[in-house]
Amino acid sequence: MKNKILTGAFIFVSVATAFVLGMSASDKSAPAKPVLKKDVSPVGEGKTAVVTSYADIVEPVEKAVVSVYSSKTVRVPVNPLLKQFFGNQIPDQERKEEGLGSGVIVSADGYILTNNHVVEGADELTVSLQDDRKFKAKVIGTDAKTDIAVIKIEAKDLPLITLADSDKLRVGDIVFAVGNPLGVGETVTMGIVSAKGRKGLGLLENNGGYEDFIQTDAAINMGNSGGALVDAKGRLVGINSAIISPSRGNVGIGFAIPVNLAASVMQSLIATGTVTRGYLGVSTQPITADIADQLNLPKDSRGVIVTDITPGSPAEKAGLKNSDVILAINGKPVVTTEELRLQVAELSPKTKITLNIVREGKASVLSVVLDELSDKPNEILTGVNTVKLNDEYRTKLGIDPRVNGLLITDIEQNSPYADRLAPNMVIMEINRTAPQDVVSAKNLLVHGRNLLFVYFRGAPGFLVLDVK
């Protein structure tokens with residue numbers, strides 16, 4: 001019944017529209033028709049052979065994609081009510097959890113790329129090859145910020161995959177996803193690159209991650225994580241990582257980590273076991289048309305405007321200023337804050353870069369030497385985190401308004417300074433100089449004995465601290 005009413009309404013509107021249009025046409029001349037750009041030739045132009053199989057492309061890829069089985073022991077606490085009656089007589093229970101993911105062999109001697117979330121917390125890893133050979137694997141390194149992990153098996157002359165340049169990937173390119181979805185066995189699905197540079201999805205936000213995903217409609221399901229996304233030449237372009245789905249199953253929205261980013265992280269993990277990232281020391285926001293107008297920039301300007309500069313940072317040392325507009329790094333355009341953050345992070349500390357900027361309407365180029373990005377930006381000593389004392393903290397902790405300095409917010413249990421420093425202590429001076437921020441505090445500290453002037457529990461005093 002509802003459908004009929006809607007259909008009738010649609011017909012009525014259509015007739016009414018035709019009547020109005022007819023009246024307009026009789027009253028005045030019709031507007032000029034737009035000039036349309038047309039190409040009526042067949043899409044293949046009769047020259048492209050019909051592709052009946054991708055088997056020759058996929059077959060060598062399958063040999064380089066592996067299944068990764070993980071297991072870990074999880075401790076299950078005893079019900080607190082039972083402990084209340086029986087104390088420690090009933091121990092916590094343990095259970096074994098198993099997981100499944102995929103991986104890609106990138107070297108003949110056994111290095112394998114996979115996802116961090118595939119191996120995270122695992123006590124034991126087993127890698128199964130397409131020919132049913134199985135190997136124990138060890139973790140070489142992991143990086144939660146990109147969801148990349150490198151594992152290794154002890155073997156030689158393994159089939160390996162060829163890496164492509166993921167920067168040259170285009171939306172519309174054919175891609176194949178290869179992995180072990182839902183444990184059914186090695187599976188190949190096909191799709192296209194739906195989008196590039198997907199950011200702000202929140203997939204890695206808990207780790208302060210770097211999102212720059214390739215989006216594809218090639219079917220990806222649980223178990224595909226860590227598997228290969230390859231192009232039409234069988235070259236690795238991405239490491240499958242995540243999907244967005246209301247049902248936790250494939251709906252054609254899958255994401256892969258670009259192989260350029262994955263390979264960069266892999267090399268660092270193999271060399272050092274960790275990932276070191278470049279640090280510039282700026283806060284930015286994208287340029288809008290209104291901001292461009294106020295800065296006398298062309299309205300179609302694309303870049304990021306500097307809103308804050310960290311004291312003592314590479315940006316400050318290079319002469320970067322607030323309101324400068326950053327257009328590119330080493331000639332590569334920067335359009336969003338996320339792009340700037342990712343480009344800088346992909347570079348090694350001590351790397352010299354060029355920034356294309358606009359200052360007060362004039363274009364110029366700055367050279368900057370990057371520092372190393374710290375995972376603990378508020379840490380002035382091992383395990384000692386601080387913030388600059390402000391009025392909010394003064395009121396909350398009842399600190400004298402005349403006191404200025406760095407407030408210790410927390411001290412880790414394993415910190416070598418836990419017996420000398422304490423949370424809520426204010427460091428007013430380091431070696432007779434007042435620290436202005438974390439960077440200046442680090443610069444004031446020296447190896448060996450340091451004289452600190454601190455405020456703690458309502459009273460100021462001197463403290464000698466031996467910095468190791």
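Numbers for residues simply follow the sequence, beginning at 1.
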request  = Give a yes or no on whether the backbone of Lys134 and the side-chain of Ser128 come within a donor-acceptor separation of less than 3.5 Å.
outcome  = no
**OP:** Would you indicate whether the side-chain heavy atoms of Glu98 and Tyr69 approach each other to under 4.5 Å?
**Re:** no
### Message
Please tell me whether Asp165 and Asn260 have a donor and an acceptor in their side chains that are separated by less than 3.5 angstrom.
### Response
yes
Tell me whether Asp56 at atom CG has more than 12 heavy atoms from other residues, nucleotides or ligands lying less than 6.0 Å away. no
- Could you check if a side-chain atom of Leu163 sits within less than 4.5 angstrom of a side-chain atom of Ile161, using non-hydrogen atoms only? yes
* Asked: Looking at Lys199 and Asp212, does any basic side-chain N land under 4.0 Å from a carboxylate oxygen?
  -> yes
Strictly distance-based, threshold 3.5 Å: is any side-chain N or O of Glu316 a donor or acceptor partner for the main-chain N or O of Gly312? yes
Show your working on side chain to side chain contact (heavy atoms under 4.5 Å, CB included) between Val282 and Leu340 and close with a plain yes or no.
CA-CA 10 Å; Val282 295; Leu340 175 68; 4.0 Å; yes
Got more than 12 heavy atoms from elsewhere within 6.0 Å of CD, Glu360?
no
d(Ser264 OG, Leu269 CG) to nearest 0.5 Å is 9.5 Å
Flag the pair Arg302 / Ile287 as yes when at least one side-chain heavy-atom distance between them is below 4.5 Å, and no otherwise.
no
OG1 (Thr386) and CG (Leu407) are apart, to the nearest 0.5 Å, by 8.0 Å
Output for pair (Asp109 CG, Leu158 CG), nearest 0.5 Å, gives 8.0 Å
Closest heavy-atom pair, Asp324 versus Gly319, reported as atoms and distance to 0.1 Å, is OD2-O, 4.4 Å
Check your understanding: Donor-acceptor pair, Asn240 side chain versus Ser225 backbone, under 3.5 Å?
Key -> no
For Leu280 and Pro314 the tightest heavy-atom approach is O-CD, 3.4 Å
*Within a strict 4.5 Å, meaning less than it, do heavy atoms of the Ser268 and Thr272 side chains meet?*
yes
Discussion item. So Met190 and Ile174, do their side chains get closer than 4.5 Å, heavy atoms only?
Written reply: yes
- [ ] Please answer whether the main-chain N or O of Ile192 pairs with a side-chain N or O of Asp217 as donor and acceptor at a distance below 3.5 Å.
- [x] yes
Spell out, as yes or no, whether a donor-acceptor pair under 3.5 Å connects the side chain of Ser348 to the backbone of Thr351.
no
Q.
Quick one: does any side-chain atom of Thr142 pair with a main-chain N or O of Asn116 as donor and acceptor, under 3.5 Å?
A. no
Report task. For the pair Arg198 and Glu211, find out whether any cationic side-chain nitrogen is under 4.0 Å from an anionic carboxylate oxygen. Result -> no
Exercise for review: With the side chain counted from C-beta on, respond yes when Val188 and Glu62 share a heavy-atom pair under 4.5 Å apart, and no when they do not.
Suggested key: yes
Check: Has Asn414 got more than 12 heavy atoms of other residues, nucleotides or ligands less than 6.0 Å from its CG?
Finding: yes
If we ignore hydrogens and angles and just use 3.5 Å, is the side chain of Thr409 paired with the main-chain N or O of Asn385 as donor and acceptor?
yes
Of all heavy-atom pairs linking Gly281 and Ser313, the shortest is O-OG, 3.4 Å
Hey, does the side chain of Lys352 reach the backbone of Ser367 with a donor-acceptor pair shorter than 3.5 angstrom? no
Inset, instruction - Check whether any side-chain N or O of Glu186 sits under 3.5 Å from a backbone N or O of Ser67 as a donor-acceptor pair, and report yes or no. - result: no
Practice item. For the pair Lys233 and Asp231, find out whether any cationic side-chain nitrogen is under 4.0 Å from an anionic carboxylate oxygen. Key: no
Smallest heavy-atom separation, Gly252 atom then Asn250 atom, equals N-OD1, 3.0 Å
Between Tyr210 and Thr146 the two heavy atoms that sit nearest each other are CB-CG2, 4.4 Å
Given the options Asp147, Val265, Leu204, Leu229, Ile257 meets side-chain contact (heavy atoms from CB on, under 4.5 Å) only with Asp147
Requested in this report: Examine the side chains of Thr337 and Thr284 and answer whether a donor and an acceptor come within less than 3.5 Å of each other.
Outcome: yes
In this structure, NZ of Lys317 is separated from CD1 of Ile309 (nearest 0.5 Å) by 13.5 Å
Between Val275 and Lys145, is the side chain to side chain contact (heavy atoms under 4.5 Å, CB included) condition met? List the steps.
CA-CA 10 Å; Val275 180; Lys145 291 183 180 296; over 6 Å; no
dist Leu370:CG -> Ile329:CD1 (nearest 0.5 Å) comes out at 8.0 Å
(message) Does Thr187 form a side chain to side chain contact (heavy atoms under 4.5 Å, CB included) with Val178? I'd like the steps, not just the answer.
(response) CA-CA 6 Å; Thr187 303; Val178 188; over 6 Å; no
Heavy atoms of Gly101 and Val118 approach each other most closely as CA-CG1, 4.0 Å
Output for pair (Ile243 CD1, Met222 CE), nearest 0.5 Å, gives 7.0 Å
Item to check | Heavy-atom check, side chain of Ile220 versus side chain of Phe255, under 4.5 Å | outcome: no
message = Is the shortest side-chain heavy-atom distance between Phe135 and Ile151 below 4.5 Å?
response = no
Could you please spell out the steps behind the side chain to side chain contact (heavy atoms under 4.5 Å, CB included) verdict for Thr114 and Ile239?
-> CA-CA 7 Å; Thr114 185; Ile239 300 296; 6.0 Å; no
Donor-acceptor pair, distance only, cut-off 3.5 Å: does the side chain of Asn115 make one with the backbone of His117? no
